[in-house]
> 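Below you will find the structure I want to go over with you.
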Amino acid sequence: MEISITRTTTPKAKPEKGAALGFGKIFTDHMFVMDYCPEKGWHDARIVPYAPLMMDPASMVLHYGQAIFEGMKAYKTKEGKILLFRPDKNMARTNSSNDRLCIPKIDEEFCTKALCELIKVDQDWIPQEKDTALYIRPFIIATDVHLGVKPSQTYKYIIILSPVGSYYPEGINPVKIYVEDNYVRAVKGGMGHTKTAGNYAASIKAQEVAQEKGYTQVLWLDGVERKYVEEVGTMNVFFVIDGKVVTPALEGSLLPGVTRDSVIQILKYWGVPCEERRLSIQELYEANDAGKLDEAFGTGTAAVISPIGELNWEGKIATINGGKTGPIAERLYNSITDIQNGRAEDVLGWTYEVK
Ligand SMILES: *Cc1c(COP(=O)(O)O)cnc(C)c1O
């Protein structure tokens, strides 16, 4: 499939060098769009000026939330190369989300190519200061004009780009986390393993309550027993207990993070043991009481590694590593961001050059 390119005639002012970018607030000049209908499949692939969408108010996505998205980043190296990090994983996850949401599959190779073309058009938007990147947001929405719950026949696949700095204002400094024992994010059999809009709609109430109490995010417990740790906010979560790294196993309700997988593989490469298993909040607090909870951190594309300095579970406060970033979190952050930015040798073959 050909990709047509229509360049903007009114480019926007780019953020100034060194300006605080925040996260997801600034968008580039162009976007990629393609459409789906049963007769033509995915078609009309195009790069066009970034602009609002015209939508019918009865578009199915607006009512029933048949929507999926991805999150990834592009980096510009000192030499001026543009790198993606494991884009094949995001494309494969798009199709896994599509499958759960009854959205037709995308051609993963074609969408990677489309993404590269879009990035090339907007490459001057990639920030180069430390801890910045071009955040990439591909998403799919159901566009049938119809009220009534069924899979839509038509869809739009869109990619937008946003130059970003740190996800949390804290940067790589530890965040305070509220252990959520009332609201739940996902259950096995639901959609927790997909990046679908509704999961985030379900999560914001808990986040709001936690923030009112002075916490940055929540630690989600399983939806059945409210016992086992699942994720932290919109990140996967890792703990270092008595020198061993532990992360919840993928049992259907957690999102299989690309960063999570990368952390597990890097730890293995370093020879640091990492267990994927069930982990109860009780076990964590017992480890902390015994002085054995060495570190805790979240992992995700947006923040990469986000250390956890404090947990609050039913009013019981656990301070982790004196509220400071631990050595494993720090080493992982440096190691992953060095590979992503082309500052370190890509020993695990994870970077993908946009050419
Ligand atoms: C996106 C996401 C993650 C992290 O996935 P990455 O591929 O590492 O960015 C973790 N949990 C949830 C709920 C997410 O939406």
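Atoms within each ligand, like the ligands themselves, are counted from 1 in listed order. Numbers here are sequence positions counted from 1.
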> Taking the hydrophobic residues Ile, Leu, Val, Met, Phe, Trp and Tyr, and joining any pair whose side-chain heavy atoms are under 4.5 Å apart, which ones share a cluster with V184?
none
> Given R185, M72, E230, which one has a non-hydrogen atom that is nearest to atom 13 (C) of ligand 1?
R185
> Classify the contact between V258 and ligand 1 as side chain, backbone, both or neither, using a heavy-atom distance cut-off of under 4.0 Å.
both
> Contact between ligand 1 and R93 is defined here as a heavy atom of the residue under 4.0 Å from a ligand atom; is it met?
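R93 counts as a contact of ligand 1 under the 4.0 Å cut-off.
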> Got the closest protein heavy atom to atom 9 (O) of ligand 1, with its distance?
T301 OG1, 2.6 Å
> Using the rule that Ile, Leu, Val, Met, Phe, Trp and Tyr join whenever any side-chain heavy atoms are under 4.5 Å apart, tell me whether V164 and L83 fall into a single cluster.
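V164 and L83: separate clusters.
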> Using a strict cut-off of 4.0 Å, indicate which atoms of ligand 1 neighbour a heavy atom of T234.
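With T234 as reference, the close atoms of ligand 1 come out as 2 (C), 3 (C), 10 (C), 11 (N), 12 (C), 13 (C), 14 (C).
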> Among all protein heavy atoms in this structure, tell me which lies nearest to atom 1 (C) of ligand 1, with the distance rounded to 0.1 Å.
K195 NZ, 1.3 Å
> Report, in ascending order of atom number, the atoms of ligand 1 lying under 4.0 Å from any heavy atom of Y200.
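Checking each atom against Y200, I get 13 (C), 14 (C), 15 (O).
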> Just to be sure I read this right, does ligand 1 sit under 4.0 Å from the backbone of M235, its side chain, both, or neither, counting only heavy atoms?
backbone
> How about Y352 and F85: are their ring centroids closer than 6.0 Å?
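Centroid distance Y352-F85: not below 6.0 Å, so no.
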> Which protein heavy atom lies closest to atom 8 (O) of ligand 1, and at what distance to 0.1 Å?
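Answer for atom 8 (O) of ligand 1: T259 OG1, 2.6 Å.
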> What atoms of ligand 1 come closer than 4.0 angstrom to any heavy atom of G257?
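Reading through ligand 1 atom by atom, the close ones are 5 (O), 6 (P), 7 (O), 8 (O).
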> Does the ring centre of Y215 sit less than 6.0 Å away from the ring centre of Y178?
yes
> Let me see the working for T337 and R343 under side-chain contact (heavy atoms from CB on, under 4.5 Å), right down to the final yes or no.
CA-CA 8 Å; T337 55; R343 295 188 293 257; 3.7 Å; yes
> Got an N/O contact under 3.5 Å between N90 and ligand 1?
no
> What atoms in ligand 1 come closer than 4.0 Å to a heavy atom of E231?
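So the atoms of ligand 1 that pass are 10 (C), 11 (N), 12 (C), 13 (C).
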> Under the side-chain contact (heavy atoms from CB on, under 4.5 Å) criterion, do E231 and V237 qualify, and how do the steps go?
CA-CA 5 Å; E231 300 206 55; V237 67; 5.5 Å; no
> Parallel, tilted or perpendicular: which one describes the rings of Y155 and W42, with boundaries at 30° and 60°?
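The arrangement is tilted - the two ring planes meet at 30° to 60°.
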> Might you confirm whether atom CD of E225 has over 12 heavy atoms from other residues, nucleotides or ligands at distances under 6.0 Å?
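Atom CD in E225 is packed in, count exceeds 12.
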> Hey, which atoms in ligand 1 end up nearer than 4.0 Å to a heavy atom of G300?
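Answer, ordered by atom number: 4 (C), 8 (O), 9 (O).
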> Please identify which of these residues, M191, R260, R93, M235, meets the side chain to side chain contact (heavy atoms under 4.5 Å, CB included) condition with L255.
R93
> If you measure every N or O of R260 against every N or O of ligand 1, does any of those distances drop under 3.5 Å?
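No, since none of the N or O atoms of R260 sits under 3.5 Å from an N or O of ligand 1.
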